[in-house]
2 protein chains.
Amino acid sequence: MQQRIRRYRGWMGLLALAGLVAGCGGPAAAGTGSAAPGAAAAPPAPLPVEPHGPFARVYDPANLPGARDAAAFPRDWSHAYGNARHNAAFAAPNGAPAWVVQGVSWAFPEARAWPLSEANAFGTRTYGARTALPTQTQFLGNATGVTAVGGVIYAESDDDFAYAINARTGRLIWRYSPVGNHLMGDPVVAHGVVYLSAGSVGFNFAQVQRFAKGEPAIRGGAVSFNGVYALNAQTGRYLWHYGTVGEAMATPAVTGGRLYFATGNGNVHCLDAATGKPLWTTHVGGIDNMSSPAVSGNTVYVALSVPGYLYALNATTGQVEWKVTVPGVVNTGMGDVSPAVSRGVVVMDAIAKTGSTFNTDVFAVSAATGKLLWLHHMGSGPKPPAFKGGVPMIHDGVVYVGSPVNSVYQAYRLRSGRRLWTWQVPDAGPAGAGRGAPTWYRGALYISTGPNVYALNPANGTVLGQEHLGGRFGIVDPVIVGGTAYLGNSWDWVQATPLSRINPHYRP
Amino acid sequence: MQQRIRRYRGWMGLLALAGLVAGCGGPAAAGTGSAAPGAAAAPPAPLPVEPHGPFARVYDPANLPGARDAAAFPRDWSHAYGNARHNAAFAAPNGAPAWVVQGVSWAFPEARAWPLSEANAFGTRTYGARTALPTQTQFLGNATGVTAVGGVIYAESDDDFAYAINARTGRLIWRYSPVGNHLMGDPVVAHGVVYLSAGSVGFNFAQVQRFAKGEPAIRGGAVSFNGVYALNAQTGRYLWHYGTVGEAMATPAVTGGRLYFATGNGNVHCLDAATGKPLWTTHVGGIDNMSSPAVSGNTVYVALSVPGYLYALNATTGQVEWKVTVPGVVNTGMGDVSPAVSRGVVVMDAIAKTGSTFNTDVFAVSAATGKLLWLHHMGSGPKPPAFKGGVPMIHDGVVYVGSPVNSVYQAYRLRSGRRLWTWQVPDAGPAGAGRGAPTWYRGALYISTGPNVYALNPANGTVLGQEHLGGRFGIVDPVIVGGTAYLGNSWDWVQATPLSRINPHYRP
């Protein structure tokens with residue numbers, strides 16, 4: 001074991017010589033952090049990471065993917081759940097390596113890995129299963145899915161680390177924990193830069209008191225150092241960060257050289273993706289929880305709660321073009337769900353209350369005007385703990401969406417809103433199932449929920465097959481590249497499994 | 001760099017063979033965890049720690065102290081701030097090694113170490129200095145002071161790690177992070193076992209809503225896995241944990257084979273210190289924040305807020321013997337402060353409001369009856385962020401106590417309450433100073449506040465000397481053994497400095 005002990009005075013002197021003494025945290029406090037390799041950039045401001053301690057960057061270039069492997073994967077990852085439709089499926093291109101086509105199997109234990117053989121979450125005896133499950137998701141494991149770019153699987157974990165893992169071997173390329181805060185998103189990647197979002201779900205006591213007086217409460221304020229972090233995608237090297245007062249739990253969107261995200265103090269932010277410099281900030285009010293923006297055309301769609309609204313903002317100016325809500329929206333549902341956009345239609349859902357009954361209401365609005373096209377109750381049930389909706393996915397004019405209120409997935413026609421089918425999750429567990437977006441790939445629908453991954457017939461919702469992977473899938477979509485599904489779970493593991501194991505009808 | 005990749009199925013099989021698949025978290029879920037070396041104990045239930053990952057236990061026996069070094073230190077550490085009087089001062093015994101008498105100097109960077117050359121907290125530009133300082137204290141650094149036992153300095157940090165450091169060399173003996181939660185206390189130690197307390201300050205949204213309806217809100221509930229953890233003091237090996245619904249931020253007290261602590265859901269707990277088995281739990285209501293119990297005779301004294309009361313409980317039965325409050329007590333003040341007990345008197349303070357003015361009210365009550373003996377306003381000022389009081393210390397019939405409302409320290413006669421002097425902290429900073437307990441040692445009073453350690457004349461409050469150590473001292477008392485002061489700070493460093501550097505009048 002290596003030991004590094006420094007005399008205080010000597011250490012300060014070394015720091016001064018190294019030019020590390022200037023600067024402090026905050027918006028765009030770091031160096032310019034150009035993504036271009038070799039560009040002359042100012043050294044970034046320090047982070048609260050002891051360079052030789054357990055949170056320091058670990059990097060092993062021996063585990064970088066080869067060029068042929070890398071080329072079989074997407075080059076960028078612009079949105080939570082892969083794209084504005086939330087369908088994270090990527091066919092193997094012609095000439096892809098055989099392992100990409102056939103699929104691979106591995107399991108990578110992250111820093112707070114809980115044995116996959118454990119059926120119950122840590123703390124179940126103390127908190128009960130219904131509370132322990134989402135607590136493990138939000139504070140120890142992977143809240144959302146992973147990212148697949150250039151032969152690398154990127155994951156953010158509530159263990160406070162980000163990971164880059166070789167998609168073929170499951171070996172660690174790098175890990176880093178830039179700040180003592182939970183990382184709940186799936187990393188977005190553009191032009192060789194990976195962006196992480198940091199935020200904690202808690203409210204401090206001053207904010208609790210504000211809310212009781214009917215004033216807006218800032219989520220994450222003074223209970224964590226929130227914001228977004230930019231790292232070199234290949235090496236994990238820190239480039240810059242942008243601090244925010246409210247939590248930045250949800251995955252940003254990165255497109256056209258700009259980074260968009262919303263925060264726990266009701267702000268929607270647009271940064272220059274290369275430098276982290278703010279381009280605009282619009283205060284719309286309320287709280288963004290886990291709602292990630294969808295960018296389509298020149299419009300940013302994102303939802304915030306308390307009060308619950310779906311917003312459309314001009315991507316250039318940040319001006320609100322329209323906002324819309326639906327009757328009976330309660331709690332944090334609207335601000336949890338990421339809207340999906342396809343063919344000029346925005347699909348969203350939110351928990352709503354009619355009398356004493358909780359429903360998930362799924363609805364579609366015109367992307368241009370916000371005009372309501374259709375709305376359906378997905379069914380009623382108890383108020384689910386934590387994330388209170390299902391991430392909708394749109395493929396080929398059909399919406400696929402779940403609801404943790406009654407643990408169903410449903411399919412709807414995008415235009416007409418006609419319900420096509422309902423599938424009841426068989427092993428929903430005490431905290432409810434249905435939060436993650438389904439993935440449509442080569443004629444089958446893949447859903448990760450509870451401890452299982454299912455393959456469904458997208459035409460009628462019948463089960464084609466399933467695999468028990470263990471742990472619990474929170475707001476996790478199966479990320480499919482070629483013949484493999486990649487997943488992150490609440491037990492703090494990243495897993496790869498061949499589609500043929502989930503779906504016996506699948507042919508590579 | 002080592003890589004450990006396990007096939008999922010194979011790994012499960014190995015676990016099953018190793019007998020690790022049974023059991024889950026919760027109260028007394030772990031093995032019996034006897035502290036006796038070599039005792040046959042059931043293997044403890046698993047923790048959410050990847051055995052080869054960054055949170056795993058690191059242990060280097062080469063850095064254990066020698067027997068002579070160990071013998072010059074206290075053998076146990078029963079209370080926060082050293083004892084029920086909160087005076088963490090221990091003279092070098094006859095025959096102590098020269099380094100103990102003369103004092104040593106080192107600085108150990110913990111996992112989130114922020115450069116000591118940085119005058120401002122991380123995130124100052126985003127949050128402002130007044131918020132960034134306590135945020136760094138509560139989420140990255142050491143909130144309270146350290147522990148000195150058997151030649152080892154123990155520290156808990158809000159970087160989620162506990163550390164054991166050789167008191168002479170500043171080298172790491174072990175570190176461990178048993179759960180993804182903040183560790184805010186100073187570790188208590190008895191019979192070779194070190195006890196950590198885990199808790200997060202946040203409230204989840206359901207609790208925010210409960211508070212707004214006038215119902216009790218649980219601090220730390222469903223935003224962290226809370227409770228106490230017992231580790232082998234020499235090796236850091238995990239013995240058992242006891243999960244609690246509310247946060248367990250404050251340091252427990254360990255005496256007579258029992259562990260006492262209060263939690264964020266208004267409970268006071270008594271466990272068997274050897275096994276973690278609960279002996280009694282009393283629900284008194286409200287929220288314990290950072291108030292650590294003082295045990296004197298057969299009575300446990302601890303304060304909770306919302307509503308703010310100081311309680312006396314029978315240590316054997318948990319029955320409330322009396323409770324007392326003072327006029328105008330507001331906010332979290334009462335539940336932040338740890339009562340000090342000496343000569344049949346309990347000394348406490350709490351933030352109180354008269355009209356629009358905030359005060360710290362310091363008061364003394366009879367330990368036997370709770371009858372108010374005296375009360376003084378320490379002076380008025382703005383509501384301080386985070387910890388809203390000063391930890392009182394009693395030495396030889398005099399109370400020494402600070403107030404972050406107006407950044408003063410004052411001295412009072414324990415019996416009469418006569419104020420002896422007031423000292424204004426010269427470099428209090430934007431978040432206020434005065435939270436940490438002073439330490440009386442060989443005719444001088446040592447106070448760590450802001451970035452400095454001061455030596456005062458205890459008779460009149462005049463400054464004898466000071467040393468600038470950098471960073472920020474939160475609720476930190478100087479822990480003095482022989483000629484050295486040991487400190488943990490918000491910048492996530494543990495420091496040792498000779499008393500002669502603080503106090504030019506000090507003679508080893």
Side-chain angles (χ1 to χ4, degrees), chain A residues 1 3 5-6 8 12 15-16 20-21 24-27 29 46 48-50 53-55 58 60 106-118 120 122-127 131 135 139-140 159 170-172 180 200-205 208 211-212 217 222-225 243 245 332, chain B residues 1 3 5-6 8 12 15 20-21 24-27 29 46 48-50 53-55 58 60 106-118 120 122-127 131 135 139-140 159 170-172 180 200-205 208 211-212 217 222-225 243 245 332 495:
Chain A
M1 194 184 62
Q3 290 299 324
I5 307 302
R6 305 190 188 96
Y8 159 55
M12 275 185 63
L15 269 182
L20 288 170
V21 287
C24 63
V49 180
E50 154 60 19
F55 295 118
V58 165
D60 186 352
W106 48 258
F108 177 86
E110 295 169 285
R112 293 272 175 218
W114 180 239
L116 288 165
S117 52
E118 293 281 343
N120 294 308
F122 177 72
T124 294
R125 279 204 214 172
T126 302
Y127 307 96
T131 296
T135 304
F139 302 98
L140 301 181
D159 68 18
R171 289 179 188 268
L172 184 70
S200 176
V201 308
F203 295 82
N204 82 350
F205 191 66
V208 174
F211 187 84
V223 295
S224 52
F225 288 110
V245 171
T332 57
Chain B
M1 193 182 62
Q3 290 299 326
I5 307 300
R6 305 193 185 94
Y8 160 53
M12 273 183 62
L15 269 181
L20 287 170
V21 288
C24 63
V49 180
E50 155 60 20
F55 295 119
V58 166
D60 187 351
W106 48 258
F108 177 85
E110 295 168 283
R112 293 273 175 217
W114 181 238
L116 288 166
S117 52
E118 293 281 344
N120 295 308
F122 178 71
T124 294
R125 281 203 212 171
T126 302
Y127 306 95
T131 296
T135 305
F139 302 97
L140 301 181
D159 67 20
R171 289 179 188 270
L172 184 70
S200 175
V201 307
F203 295 81
N204 83 349
F205 192 66
V208 173
F211 187 83
V223 295
S224 51
F225 288 110
V245 172
T332 57
Q495 295 166 292

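Note that the coordinates shown come from a computational prediction; the quantities given were computed from them, not determined experimentally. All chains are named by letter (A, B, ...) in the order of the sequence lines, taking the proteins before the strands, and each is independently numbered beginning at 1.
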Quiz item: In terms of heavy-atom pairs under 4.5 Å with chain B, which of Asn204(A), Thr131(A), Val49(A) leads?
Solution: Val49(A)
Quiz item: Quick one: side chain to side chain contact (heavy atoms under 4.5 Å, CB included) partners of Ala111(A), sequence neighbours excluded?
Solution: Asp159(A), Phe161(A), Tyr163(A), Pro54(B), Phe55(B)
What heavy-atom pair brings [X] and [Y] nearest, and what distance separates the two atoms?
X         : Y         : value
Ala222(A) : Phe139(B) : O-CE1, 3.3 Å
Glu118(A) : Pro46(B)  : OE2-CG, 3.4 Å
Glu110(A) : Glu50(B)  : O-CB, 3.1 Å

Quiz item: Based on non-hydrogen pairs under 4.5 Å, which of Ser200(B), Gly202(B), Pro48(B) is most in contact with chain A?
Solution: Pro48(B)
Quiz item: Hey, which of Val201(B), Val208(B), Val223(B), Leu140(B) has the most heavy atom pairs under 4.5 Å with chain A?
Solution: Val223(B)
Quiz item: Listed by chain and number, what are the ring-ring contact (aromatic ring centres under 6.0 Å, His included) partners of Phe225(B), not counting sequence neighbours?
Solution: Phe122(A), Tyr127(A)
